[in-house]
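Read through the structure below, which is laid out as structure tokens, and then see the notes.
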Amino acid sequence: MNCDRLHELLDDWTAGELSEELRERLEAHAAGCAECESVLRQVRDRPRSIADDDLVLRPVLAATTGRTCGQVERVLAGDPRTTGVELEWAREHAAHCTRCARFEAWMAALPELLPTLAEFDPGPDFTAEVLLATLPGPSLVSVFLRRVRDHVERWQRRPEFAQELSFVLTLALLLVTFLPGSPLRDIPRQALSVVQLAGPGGEVGGVGGSDAEGTVGHELRQGLRMRGERLGVGFDRLGTHVLQTGKGIVDGDLQEVGESASLIGCDLRRLWKGVQSPATDPDSVCG
Amino acid sequence: MSRSDTGLESLDPVVERCREGDELAWEALVRRCQGRVFAVALHYVRNREEARDVAQEVFVRVWRGLPNFERTGSFLPWLLKITRTCSIDHVRRRKARPPAEDLLAEEMHDLGDPSPRPDEIAERNSRRSLVHRALQQIGDLHREILQLQEIQELPLNEVARMLDIPEGTAKSRASRARAELGRAILRLEESPEAGR
């Protein structure tokens, strides 16, 4: 039903010649359209003809039972005590009573309209707030690991990071080469002796040197080469396991973190043994 | 909007998954039911912010109560019963405070309307607004039974059980509520502010 259709049906509606369904649709449209409602009101309020039965009925009801609209409303609202014939009488009344006709139209429209009020949007963040209040939060360990990761990332992004790293590495190099008991303590001394044996323009173990000098130089080179190879392999392993540990921290995989940390411990022990005595098999350290 | 349009008829498997601790199912359940829970809370509390708090409290209670929810029962009446209880408790708690402002019809935000034509939407929204304003003018008892039976479309026996009254009483009360609502609508239509 739209406004144009309502105007087409206006005369039939005034004469009461519309089918019940069409009348209900027309009045339901007018109930929600201010313009059409105004048109209907004007038509309703026109002076009635002499033949209108209200001219007789109204005074009779006024002198006897009074207006029956209250009872009609009760029936049209679906009172469970209503009988079929009462419903018929009420509809007949509504056909002659404009107010009850509107009431009837609204009663017909309510079953469709009321369920549309069943839902209201509580707002965009409501679901997230409910989930936050109900679902369990992350474990303490994963929260700690996440904080460590965030802290490390923030630390790495600082401009002073490269300078600090260089300082720490230099300090570490000094510690492993000069402190008493450190694994590389004798390396500078051996390197110095190799340089001294070679002499100016000479070559260790070469044509210009004695046999003894050649043997010492050869052993030194062998020892240094073996240490270098062991250290290279050891640092490769260590790097791989450090990466695995980092990945485990990022993923929150505690098992992987534990396993990688254990391997890092083995790698460090292998490095230590390998530097101290190059002839030791590194795989024998951790099995 | 029928109940099947909102997916509420297929809630049982979702509820079952929630009982097993499925968090994604819980989120889906909250999304499907939050509009109704909020609407019922709003009906009692009549203030958007407070109704939102009540609705959140309802879902917390539901989450904790899911292990005790009887599988043979229907979920929606159980959910709305909790909503009603929480809302009434909230209203009792705030009794000492000044009454909250009533919700204006213009503040309504529905959760999607399947009507395709703009003129039909405009007409229906205008009529919805009128019905909504009329609902604010009728008595609490009548408004409550209309909210549960006509708006939320709960079965009569569930409504009677929730309100702790016989089914016959619920039926006649609903009819009187419809009559009062009809009269309120007619009054609003006849008032100078009807076009609001």
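To find a chain, count down the sequence lines: A is the first, B the second, and so on, and within it residues start at 1.
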Quick one: closest heavy-atom pair of [X] and [Y], and the distance?
| X | Y | answer |
| --- | --- | --- |
| A:Asp125 | B:Arg52 | C-NH2, 3.9 Å |
| A:Gly32 | B:Ser126 | O-OG, 3.3 Å |
| B:Ser175 | A:Gly78 | CB-O, 3.5 Å |
| A:Thr134 | B:Trp63 | O-NE1, 3.1 Å |

* salt bridge (charged side-chain N to carboxylate O under 4.0 Å, His left out) contacts touching residues 159-173 of chain B (sequence neighbours left out) ->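 For residues 159-173 of chain B: B:Glu158-B:Arg161.
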* **A:Arg99 bridged to B:Glu190 by N-O distance under 4.0 Å** =>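 B:Glu190 and A:Arg99: salt-bridged.
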Can you tell me which portion of [X] sits under 4.5 Å from chain A's heavy atoms? Options are side chain, backbone, both or neither.
| X | result |
| --- | --- |
| B:Val60 | both |
| B:Arg64 | neither |
| B:Ile185 | side chain |

* Can you name the side chain to side chain donor-acceptor pair (under 3.5 Å) partners of B:Asp22, sequence neighbours left out? ->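 For B:Asp22 the side chain to side chain donor-acceptor pair (under 3.5 Å) partners, ignoring immediate neighbours, are B:Arg17.
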* Asked: When you look at A:Thr127 and B:Gln34, which way does the side-chain hydrogen bond (donor to acceptor under 3.5 Å, both in side chains) test go after all the steps?
  -> CA-CA 8 Å; A:Thr127 314; B:Gln34 63 185 20; 2.8 Å; yes
* Asked: Just wondering, do B:Phe38 and A:Glu119 contact through their side chains at under 4.5 Å, heavy atoms?
  -> no
* Asked: Are the side chains of A:Val130 and B:Trp26 in touch, meaning some heavy atoms are under 4.5 Å apart?
  ->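 SC-SC contact between A:Val130 and B:Trp26 confirmed.
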* **Contact leader toward chain A among B:Val58, B:Leu181, B:Val62, B:Val40, where contacts are heavy-atom pairs under 4.5 Å** => B:Leu181
Please check if the number of heavy atoms outside [X] that lie under 6.0 Å from its [atom1] is greater than 12.
| X | atom1 | result |
| --- | --- | --- |
| A:Glu21 | CD | no |
| A:Arg81 | CZ | no |
| A:Glu160 | CD | yes |

* Between B:Arg178 (side chain) and A:Ala77 (backbone), is there a donor-acceptor pair under 3.5 Å? ->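 Yes.
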Interatomic distance, [X] atom [atom1] to [Y] atom [atom2] [nearest 0.5 angstrom]:
| X | Y | atom1 | atom2 | result |
| --- | --- | --- | --- | --- |
| B:Ser172 | A:Arg74 | OG | CZ | 11.0 Å |
| B:Glu189 | A:Glu37 | CD | CD | 5.5 Å |
| A:Phe103 | B:Arg183 | CZ | CZ | 6.5 Å |
| A:Leu132 | B:Gln56 | CG | CD | 8.5 Å |

* Cation-pi check, B:Arg127 to A:Trp106: give yes when NZ or CZ is under 6.0 Å from the six-membered ring centre and within 45° of the ring axis, no otherwise. => yes
* Asked: Do you know which of A:Leu113, A:Leu114, A:Leu110 makes side-chain contact (heavy atoms from CB on, under 4.5 Å) with B:Glu150?
  ->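 So the option named by the test is A:Leu114.
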